[in-house]
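Okay, structure first, notes after.
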Amino acid sequence: LWGLLYYLKGKSNLKFRKSALTKSNFIPSTSLTILASGWSSTKLLINNNTKEFVYQRGKYSSKVYKFSDLINYEVYENGKSRVQGRAGSALIGGAFFGLGGLIVGSSMGRKINEKCNQLKLIIRLNDFNCPQIVITYVDNVDWDKNGWTYRNMKENLQSVCSMLEFMLNEKTLEQSSTVKQEEKTSEQKSQKEQLQELKEMLDGGLITQEDFEQKKKQILGL
C-alpha cells in the first residue's frame with residue numbers, strides 16, 4: 001500500500017486519500033472517465049451546483065477543489081506542448097484535436113506515419129501542496145497515430161479538455177460577476193459620500209434646498 005501511495009505521489013504530485021469523498025459533502029453531478037495509462041478507473045468528478053471537482057483513481061481521490069482553484073491546463077505530446085487553456089483566454093493549439101471537432105480531421109486527407117510515445121495532460125492548480133495534476137495517457141509506448149487506440153485516447157482527452165474549458169469559463173464568469181458587484185458597491189459608496197458632502201453644504205448654508213434637491217437627483221441618476 002505504501003509503495004502504491006509513493007508511486008502515485010511521485011507521478012502526479014497529488015496527495016490521494018482513501019474514501020475522501022465519503023467524509024465530505026461533495027456529490028458529483030457529472031462523472032467523466034479518463035483513459036489514463038495503467039489505470040482501469042480514473043475519473044474527473046464535477047459538481048456544477050457547488051462549482052467543485054475531484055480527481056479520482058480507483059478508491060483514492062484528491063481533495064475537493066473549487067473551479068476557481070483551476071489555473072490552466074496543458075497537453076504535451078512527445079515532449080512538446082500541443083494545447084493550452086486558461087481562464088479568459090482563447091484555446092491555444094486547438095487544431096491538435098482536428099478541424100470541426102473531428103479527432104482525425106487532418107488524417108482524412110493524408111496518411112500520418114508518426115508515432116506517439118508520450119501523451120500527458122497537466123492540470124495546474126492554485127494549491128501549494130499540489131500545484132499540478134499529471135495525467136498520463138501514453139508513456140514510453142509507440143502508438144501508431146493511425147491506430148484505433150491512439151485515436152480513442154485522443155478523443156477521450158478532448159472530452160476532458162472540453163470539461164476543463166467549461167470549468168475555466170465558469171471561473172471567468174464568476175470573477176466577472178464579482179468585479180461587477182465590487183464596482184457597483186464602490187459606485188454606491190461614492191454616491192453616499194457625495195450625498196453626505198452635499199448635505200453638509202446644505203446644513204452649512206452654502207447651497208439652497210432647491211440646489212440640494214437638484215444635485216441629489218443628478219447624483220442618483222433620477
Side-chain angles (χ1 to χ4, degrees), residues 1-39 41-77 79-93 118-139 156-157 159-182 185:
L1 177 59
W2 287 109
L4 175 60
L5 291 175
Y6 178 81
Y7 172 78
L8 289 174
K9 184 177 181 181
K11 291 295 286 183
S12 63
N13 196 26
L14 184 65
K15 291 187 176 180
F16 283 82
R17 56 190 78 179
K18 188 174 183 179
S19 304
L21 299 183
T22 61
K23 299 178 182 179
S24 70
N25 296 322
F26 181 84
I27 301 176
S29 53
T30 302
S31 175
L32 186 61
T33 299
I34 300 174
L35 301 181
S37 175
W39 295 93
S41 180
T42 303
K43 297 180 180 180
L44 186 65
L45 309 176
I46 300 99
N47 185 331
N48 192 40
N49 296 319
T50 59
K51 307 303 178 185
E52 296 174 324
F53 68 98
V54 168
Y55 177 53
Q56 186 178 53
R57 280 180 172 174
K59 297 180 180 180
Y60 298 86
S61 64
S62 70
K63 74 176 188 180
V64 178
Y65 288 102
K66 292 284 188 181
F67 285 7
S68 57
D69 291 323
L70 180 59
I71 297 176
N72 58 42
Y73 70 89
E74 196 163 4
V75 175
Y76 285 88
E77 184 182 45
K80 295 182 179 180
S81 177
R82 298 296 189 185
V83 178
Q84 298 177 34
R86 66 183 69 245
S89 300
L91 181 68
I92 301 175
Q118 184 188 71
L119 185 62
K120 294 184 178 183
L121 169 63
I122 297 179
I123 303 173
R124 299 185 177 93
L125 305 166
N126 184 29
D127 183 355
F128 179 80
N129 295 315
C130 176
Q132 67 180 25
I133 296 174
V134 179
I135 301 175
T136 301
Y137 279 80
V138 180
D139 192 21
N156 177 257
L157 176 58
S159 297
V160 176
C161 288
S162 295
M163 183 57 70
L164 293 173
E165 280 293 319
F166 168 79
M167 290 192 286
L168 286 172
N169 184 56
E170 288 293 301
K171 173 183 175 179
T172 300
L173 292 176
E174 182 179 353
Q175 290 174 337
S176 176
S177 177
T178 300
V179 169
K180 288 181 180 178
Q181 183 60 41
E182 290 176 348
T185 301

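Hydrogens, waters and symmetry mates are skipped; everything else that's a heavy atom, side chains included, is used. Quick note: residue numbers are just sequence positions, from 1.
- Taking all atoms of both residues into account, the shortest heavy-atom contact from Gly58 to Gln56 is O-CG, 3.6 Å.
- Scanning all heavy atoms of the two residues, the minimum distance from Leu45 to Ser31 falls at CD2-OG, 3.4 Å.
- Note that NZ of Lys51 and NZ of Lys66 are 10.5 Å apart. Values are rounded to the nearest 0.5 Å.
- Remark: side-chain polar atoms of Lys171 are paired, donor with acceptor, to backbone N or O of Leu70 under 3.5 angstrom.
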If you apply the rule side chain to side chain contact (heavy atoms under 4.5 Å, CB included), what do you find for Thr42 with Thr33, and how did you get there? CA-CA 6 Å; Thr42 303; Thr33 299; over 6 Å; no

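- In this structure, Ser62 contributes its side chain and Tyr55 its backbone to a donor-acceptor pair below 3.5 Å.
- Tested against Ile123 for a side-chain contact (heavy atoms from CB on, under 4.5 Å), the candidates Ile135, Ile71, Val134 yield a single pass: Ile135.
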Salt bridge (Lys or Arg N to Asp or Glu O under 4.0 Å) for Asp127 and Lys63? Distances and angles first, verdict last. CA-CA 11 Å; Asp127 183 355; Lys63 74 176 188 180; 3.5 Å; yes

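- In this structure, SG on Cys161 lies 10.5 Å from CD on Glu74, to the nearest 0.5 angstrom.
- A donor-acceptor contact closer than 3.5 angstrom is absent between the side chains of Tyr65 and Asn126.
- Using a distance-only test at 3.5 Å, with no hydrogens or angles considered, no donor-acceptor pair links the side chain of Ser61 to the main chain of Arg57.
- From Asn169, atom CG reaches atom CG of Leu164 across 12.5 Å, with rounding to the nearest 0.5 Å.
- Across all non-hydrogen atoms, the minimal contact from Ala87 to Thr172 is CB-OG1, 3.5 Å.
- With rounding to the nearest 0.5 Å, the separation of CG in Leu44 from OG in Ser159 is 11.5 Å.
- A salt bridge is defined here as a Lys NZ or Arg NE, NH1 or NH2 lying under 4.0 Å from an Asp or Glu carboxylate O, and Glu77 with Lys120 fails to meet this definition.
- The closest donor-acceptor contact from the side chain of Asn47 to the backbone of Ile27 lies under 3.5 Å.
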Please lay out, stage by stage, how Leu119 and Val75 fare under the test side chain to side chain contact (heavy atoms under 4.5 Å, CB included). CA-CA 7 Å; Leu119 185 62; Val75 175; 4.1 Å; yes

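- For Asn156 (side chain) and Ile34 (main-chain N/O), no donor-acceptor pair under 3.5 Å exists by modelled atom type.
- No donor-acceptor pair under 3.5 Å is formed between the side chain of Thr30 and the backbone N or O of Ile46.
- Of the possible donor and acceptor atoms, one in the side chain of Gln118 sits under 3.5 Å from a partner among the backbone N and O of Gly79.
- Asn48 CG to Ser29 OG: the interatomic distance, rounded to the nearest 0.5 Å, is 5.5 Å.
- Applying the 6.0 Å contact sphere to NZ of Lys43 captures no more than 12 heavy atoms from other residues, nucleotides or ligands.
- Within the 4.5 Å cutoff, side-chain heavy atoms of Leu91 are placed close to those of Glu165.
- Using bins of under 30°, 30° to 60° and over 60° for the plane-to-plane angle, the ring pair Phe53/Phe67 lands in the tilted bin.
- Interatomic distance, Lys59 NZ to Ser41 OG, rounded to the nearest 0.5 Å: 11.0 Å.
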Side chain to side chain contact (heavy atoms under 4.5 Å, CB included) between Val160 and Tyr73, intermediate numbers included: CA-CA 10 Å; Val160 176; Tyr73 70 89; over 6 Å; no

Going through the distances and angles, do Tyr76 and Arg82 end up as a side chain to side chain contact (heavy atoms under 4.5 Å, CB included)? CA-CA 6 Å; Tyr76 285 88; Arg82 298 296 189 185; over 6 Å; no

